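Right, one structure below, let's go through it.
Proteins come first, then strands; the chains are lettered A, B, ... in the order of their sequence lines, and each starts at number 1. Keep in mind that this is a model prediction, so the values were computed, not measured.
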Amino acid sequence: MTSVAVGLSRDLAAKRVMRAEVQGYDIAVWRDENGGLHAWNNRCPHRGMRLSHGFVRDGHLACLYHGWHFRKDGGCAYIPAHPELEPPETISATVFSITENAGVIWVSATDTAKAPAEDGEWEPLRSLSFACPPEKVRHAIENTPFAGQLPERAASGHLTAGSTALLVHCAPLGDAETLAHLLVAAGTSLAGRKALSRWCETARESAEAGPA
Amino acid sequence: MTCGAILTLTGQLSAESALPWIHHRGQLLNLAGWVRREDDQTIRMALAGPEPLIEAMEIACSLGPGDVLVDTITRARHTFDEKPDTFVML
Amino acid sequence: MTFTLYNYVLSGNCYKIRLMAALLGVEYETVAVDFYPGMEHRSPQMLSLNPAGTLPVLTAGDLVLTETQAMLTWMATSFDTSGTWFPAGDPALLGVVQQWLGFSGRLTQSAGLARLHSMLDWPVDGQAACAAAVKDLRILERHLTDRVLEGGLWIAGETPTIADVACFPYVALSPDAGLEHDAYPAIRNWLYAIRGLPGFVAMPGIHYRHEGTSGTNG
Amino acid sequence: MSREYATNDWYPVADAARMIPGHGFTTRLLGEPLEVSGSFENPVVTARDGRMLPVQVRYGHVWTTTGSAPRPLFDIAEADETDRTFVPCGAVQVRCSPLRAVENFLDIAHFPFVHTGILGEEPHTQVAPYKVEIREDADEVWATQIGFHQPQAAKSATEAIETRYEYRVPAPTTAVLYKTCPPKPEAWDVIAIFVQPVAEDMCIAWPWMALYDDVSPYADLVQFQQEIFLQDRSILENQKPTLLPLDPRMEIPTRCDLTSVVYRRWLKRKGATYGALTTAA
């Protein structure tokens with residue numbers, strides 16, 4: 001599995017940029033005005049500024065430092081210091097593969113990004129950071145009771161506790177952190193969602209409390 | 001006929017990295033023409049392309065790869081008999 | 001002129017007042033106070049105005065305010081004709097606003113101090129301030145996530161309030177202390193929304209959106 | 001990297017006017033801890049091994065050097081013009097290479113995006129050609145004939161003007177800007193950035209100005225410069241790689257980056273590579 005979950009679709013609206021880490025690469029993830037997703041090496045080819053600090057304008061991602069604009073295919077579209085110049089197509093951001101499915105955004109730095117097929121209908125709950133590695137997060141999530149009972153792992157991979165179902169995708173963030181992307185079964189009530197949100201905070205307490 | 005420029009670099013240019021580095025930069029800037037080594041201290045190139053990109057080439061080459069030291073870089077006008085469409089190492 | 005702000009350009013608390021005034025479209029005068037390196041906020045002149053020796057200080061005629069939350073309340077009730085920035089008529093909403101105004105004071109002591117330490121080598125325990133800031137960022141992320149689940153965006157209610165203005169600066173500036181927003185999607189989207197409010201002004205460390213060709217936010 | 005070249009330069013370690021006898025402090029220079037104490041008249045800088053280092057007070061700061069054969073500290077003639085206002089602007093820590101802090105100070109193309117509404121604004125983004133040279137006699141980098149549209153070039157500016165700039169790099173970790181002085185067009189304002197290299201990836205910037213401005217309150221002058229430098233700080237902490245690449249293979253300099261490239265070429269030639277990336281990035 002070379003694709004990594006970098007965020008929930010809900011949390012990255014059109015014309016927004018965020019930073020992610022995928023297989024050791026620093027990545028700028030952005031969504032264009034038509035909803036299309038893009039994942040680039042997080043470095044402006046001009047002078048190395050992180051593109052995740054940039055802004056989306058005219059269907060381009062622009063670097064905050066000198067305002068170089070890059071098209072959706074990564075090619076440089078405009079250099080403000082030389083407004084008369086039509087930049088050659090050889091000047092380009094480094095583009096990675098990105099896709100989204102069932103409310104989750106997936107990026108691969110080495111391959112074509114693939115999202116796992118999901119059974120059932122899922123809706124976004126939240127992305128939650130844990131100050132510990134993914135293994136500890138998974139262990140804590142499976143061992144923190146929800147409404148008095150331990151979650152069980154269904155054959156298709158999601159967790160169930162009574163009538164509640166939760167889908168969790170974990171990805172490392174830096175050396176010591178994990179970002180867990182959580183989804184709930186479609187139709188879960190607002191009170192149910194908030195209760196699950198509290199439950200995963202409890203799981204975080206226990207994940208972070210254990211030995212490093 | 002296509003107008004362009006001849007750039008002549010002088011300095012400590014004997015490193016093997018010099019020509020491939022310049023070739024890579026020429027391709028990155030989508031310039032056409034050629035580059036060749038004259039001797040250990042001299043590299044010459046002929047470039048065709050938009051003026052800001054020829055300037056960008058000149059600026060990048062003045063710094064060059066880590067193991068060369070460019071002392072001077074001079075520029076002269078050049079006319080290609082036929083419009084070049086690639087950048088080649090001679 | 002409506003009031004005078006004793007101002008330090010790098011202070012997140014002073015920025016709350018500049019931002020609020022910009023969002024309300026209120027003109028005011030500033031007096032620059034050399035907080036750093038001059039420590040002018042501790043000068044006899046400034047201490048006679050504000051014995052606590054903090055910034056900002058707001059004066060309007062005989063009125064002297066030295067607490068940021070009081071200034072925001074005074075500004076909203078004085079200049080906001082819409083009545084939405086300080087929802088005085090809705091007790092429950094007002095309670096939530098006051099709750100997060102209080103929280104904004106915590107942010108000054110956590111993320112604010114972490115920033116001063118990282119940027120100006122302020123003599124405080126930088127690690128402790130960062131740990132406290134992470135705790136506070138998590139608390140705010142939790143609340144804003146609940147708001148998203150409810151279909152909302154702002155800290156309280158359907159429109160921005162002084163609580164959003166009060167919490168905004170030190171959260172937005174936390175990367176100055178190395179505390180990035182990568183792990184806080186709800187905070188990121190809320191910060192972005194505030195940066196898009198009509199009249200928004202930037203400060204060092206908080207940029208304009210630059211999405212329109214006119215440069216700032218146009 | 002070469003630490004050796006760097007040891008023989010002078011570096012600022014304190015704001016001279018703010019030295020308080022009995023309140024010494026610790027700082028770091030080129031990766032080593034230093035103790036700074038004494039007074040304005042008699043500052044003392046002590047290395048970890050107890051060695052008392054050479055000290056001089058210039059341009060409002062206490063300067064020291066750790067090397068055995070220090071080069072002389074550069075001269076800024078305007079520092080002796082007593083009708084100027086001298087404004088030390090404190091110290092700002094930045095998690096970046098000391099060389100990147102200098103390079104950013106030499107850059108004008110970022111003004112419309114990073115210093116929006118002050119030093120630049122769209123659509124005035126074009127950078128006209130300017131001259132850059134290494135002055136061999138003085139061993140300094142100079143960039144001249146720079147012009148840029150600025151909404152508020154200085155605290156004293158009352159309207160947008162076409163500002164003229166000259167940049168001077170007298171030492172690897174110092175940049176001096178000579179800039180149109182709005183109230184006194186025949187003179188230059190002088191704005192410098194003195195950088196203390198804490199480590200290769202960490203520095204302390206000490207902005208300092210020598211201005212003609214007898215109208216603006218002193219605190220306004222300090223804050224004007226601090227506002228600008230702090231706008232740059234978040235850029236500097238997000239440039240990759242952290243060290244300054246001397247091989248621009250991963251970058252695409254254009255004509256507006258000429259000062260940056262000549263600065264890097266000058267560093268490379270001198271072997272002044274503390275804070276630089278010397279291998280292909």
Tell me, side chain or backbone of D:I134 under 4.5 Å from chain B's heavy atoms, or both, or neither?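 When you check distances to chain B, no heavy atom of D:I134 falls under 4.5 Å.
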
Whether the B:T42 and B:D39 side chains hold a donor-acceptor pair (N or O, under 3.5 Å, no angle test) is what I'd like checked.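 B:T42 vs B:D39: donor-acceptor pair found between side chains.
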
Proximal component of B:P52, with respect to chain D [non-hydrogen, under 4.5 Å]: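 Neither part.
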
What part of B:L53 gets within 4.5 angstrom of chain D, counting heavy atoms only: side chain, backbone, both, or neither?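 Nothing of B:L53, per the 4.5 Å heavy-atom cut-off to chain D.
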
Inspect the contact between D:E162 and D:R164 and indicate whether a charged nitrogen and a carboxylate oxygen are less than 4.0 angstrom apart.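 The answer is no: the pair does not qualify as a salt bridge.
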
Determine, for D:R269 against D:E136, whether the closest basic-nitrogen to carboxylate-oxygen distance falls under 4.0 angstrom.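 A salt bridge is present here (some side-chain N lies under 4.0 Å from a carboxylate O).
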
Report yes or no: is the cationic atom of D:R71 (NZ for Lys, CZ for Arg) closer than 6.0 Å to the six-membered ring centre of D:Y5, at no more than 45° off its axis?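 Yes, cation above the ring, under 6.0 Å and within 45°.
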
Return the option, out of B:D67, B:L69, B:L28, with the maximum number of heavy-atom pairs under 4.5 Å with chain D.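 Heavy-atom pair counts peak at B:L69.
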
